[in-house]
Amino acid sequence: KQIFKILNPETTVIDFNSRWMSALGAEGLVALCGRYTVRQILERDDFEKRLKAQQPISMHELLYPIVQGYDSVALEADVELGGTDQKFNLLVGRDLQREYGQPSQIVMTMPLLEGTDGVQKMSKSLDNYIGIDEEPNAIFGKVMSISDEMMYRYWELVTDVAVNEIEAWKKEVASGQRHPMELKGDLAAQIINDYYDANAASAARDNFKRVFGKKEVPDDIETTLVSAEGVALAKLLASSGMATSVAEATRLVKSGAVSIDGEKQTDARSVIQLAPGEERTVKVGKLRYRKFVGG
């Protein structure tokens, strides 16, 4: 679903390596391992450092690059794409293709993009990510939350704008000719335009100005019914989609990211109980709103 925001589904084939790995079986896996040496595997920087530090390396970690490399053999790949952290595994694919008499694939790596925290690589588990299938308003707000300095890296890695143009913008901001918030708004709009359309980008920008410029609650927030018996706050956030799980909801409450009718919440186990027709507006983070109504 997400990849087809980028690729054409009519000209794309989705395959799973279970198709060839299941057929390979135990005997085939042993034969595959015979095509690669321990010395070659231990050339991986991470393995070499851990070995010198006398830290354990599990067998499945040693097998992983070989199994991934065999994917290139099974697919007779011409080009394999990956992050810079996958370089070793992609090169194993080249080696194994030669072992099987195939031309070695071209390896193309891309830099890892830091998340909204500006430190760790973007990751859903770290909750510092911007999902390409998130609602435009959510994307806009998250982009606006990144630092001014990190903004330029996003321009470079997630848009088609030329690097020399980005460098010119840096100079304009540094000289005071252009405000970084304006440029960041352009970035957010560009990303939404790429994954949705120009109308969605314009609406998201207007919504951001209204909500964050005037501190208003959006007009179009979703409404969810709450049973008369009540439900714990963390469970309510998870079941309504405002958090991915009860655990994440609990973490959000503890971090002070959850408020009800403007009042910050501190207890994830507190029971939300509404009389029929009673309304409460819940806010998570800087952007996510939802109205809960007693059923």
Side-chain angles (χ1 to χ4, degrees), residues 2-8 79 81-87 107-221 255-257 283-289:
Q2 293 181 50
I3 199 66
F4 289 140
K5 279 184 169 287
I6 303 168
L7 302 180
N8 182 350
V79 182
L81 312 179
T84 51
D85 60 337
Q86 291 292 309
K87 180 180 177 181
V107 165
M108 185 178 293
T109 60
M110 289 292 291
L112 299 180
L113 180 65
E114 292 82 2
T116 52
D117 58 2
V119 180
Q120 303 279 359
K121 71 176 182 179
M122 189 176 286
S123 165
K124 193 166 186 178
S125 61
L126 294 175
D127 196 27
N128 66 351
Y129 71 101
I130 302 173
I132 64 173
D133 61 345
E134 290 189 84
E135 292 300 315
N137 288 343
I139 293 175
F140 201 100
K142 287 185 176 183
V143 172
M144 296 301 289
S145 74
I146 65 178
S147 69
D148 294 346
E149 189 59 36
M150 185 56 60
M151 164 182 63
Y152 300 113
R153 185 161 171 82
Y154 276 59
W155 269 115
E156 182 178 347
L157 295 184
V158 302
T159 77
D160 292 331
V161 176
V163 174
N164 60 348
E165 191 168 355
I166 298 169
E167 290 300 320
W169 290 342
K170 284 184 182 180
K171 294 177 182 177
E172 290 176 7
V173 170
S175 66
Q177 293 177 268
R178 193 165 190 180
H179 198 285
M181 286 295 285
E182 176 196 349
L183 189 56
K184 204 180 297 181
D186 291 345
L187 170 63
Q190 180 64 58
I191 291 171
I192 295 168
N193 182 69
D194 288 345
Y195 294 117
Y196 287 91
D197 54 46
N199 290 334
S202 178
R205 187 189 284 250
D206 290 343
N207 178 77
F208 184 86
K209 289 178 180 178
R210 185 176 70 253
V211 174
F212 293 94
K214 301 179 182 178
K215 303 297 182 182
E216 296 179 4
V217 175
D219 298 325
D220 57 348
I221 60 174
S255 67
K283 180 184 176 185
V284 175
K286 295 182 178 180
L287 194 73
R288 286 174 282 178
Y289 290 87

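Bear in mind the structure is a predicted one, so any value in this text is a computation, not a measurement. Residue numbers start at 1 and run along the sequence shown. We use all heavy atoms of the structure for the numbers below, so side chains are in, but hydrogens, waters and symmetry mates are not.
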For this session: Under the side chain to side chain contact (heavy atoms under 4.5 Å, CB included) rule, what do Glu167 and Tyr152 come out as? Steps first, then yes or no, please.
Result: CA-CA 8 Å; Glu167 290 300 320; Tyr152 300 113; over 6 Å; no
For this session: List the steps, then state whether side chain to side chain contact (heavy atoms under 4.5 Å, CB included) holds for Tyr195 with Glu134.
Result: CA-CA 10 Å; Tyr195 294 117; Glu134 290 189 84; over 6 Å; no
For this session: With side chain to side chain contact (heavy atoms under 4.5 Å, CB included) as the test, would you mind laying out the steps for Thr109 and Gln86 before giving the verdict?
Result: CA-CA 8 Å; Thr109 60; Gln86 291 292 309; over 6 Å; no
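Note that the CD atom of Glu135 and the CD1 atom of Ile192 stand 10.5 Å from one another [nearest 0.5 Å]. If you take CG on Asn193 and CZ on Arg205, they are separated by 11.0 Å, rounding to the nearest 0.5 Å. Taken from CD in Glu165 to CG in Asp160, the straight-line distance is 11.5 Å, to the nearest 0.5 Å.
Summarising the geometry of Leu112 relative to Gly83, their closest heavy-atom pair is CD2-CA, 4.1 Å, with the distance given to 0.1 Å. When every heavy atom of Tyr196 is checked against every heavy atom of Ala200, the shortest pair comes out as CB-CB, 3.8 Å. Considering all non-hydrogen atoms of both residues, Asp197 and Asn199 come closest at OD1-N, 3.1 Å. Of all heavy-atom pairs spanning Tyr154 and Met122, the tightest one is OH-CE, 3.3 Å. Closest of all the heavy-atom pairs between Pro111 and Leu157 is CG-CD2, 3.9 Å. Here the shortest heavy-atom pairing between Phe140 and Ala189 reads CE1-N, 3.9 Å.
Within the 4.5 Å cutoff, the side chain of Leu187 has heavy atoms near those of the Ile191 side chain. Inter-residue side-chain proximity for Ile130 and Val158 is flagged as unmet; no heavy-atom pair is nearer than 4.5 Å.
With hydrogens and angles disregarded, a donor-acceptor distance shorter than 3.5 Å links the side chain of Asn128 to the backbone of Ser123. Under the 3.5 Å distance criterion, the side-chain polar atoms of Lys184 are left unmatched by any main-chain donor or acceptor of Val143.
For CG of Asp133, the number of neighbouring non-hydrogen atoms (other residues, nucleotides, ligands) closer than 6.0 Å is greater than 12. Counting heavy-atom neighbours within 6.0 Å of Lys87 NZ, excluding the residue itself, gives a total of 12 or less.
With respect to Glu156 and Arg153, no salt bridge is recorded, no charged nitrogen being found less than 4.0 Å from a carboxylate O.
Lys121 pairs with exactly one of Leu126, Leu113, Asp85 by the side-chain contact (heavy atoms from CB on, under 4.5 Å) rule, that one being Asp85.
In summary, the side chains of Ser175 and Gln177 do present a donor paired with an acceptor at a separation below 3.5 Å, with no hydrogens or angles considered. Side-chain contact of Gln190 with Asp186: a donor-acceptor pair under 3.5 Å is absent, judged by distance alone.
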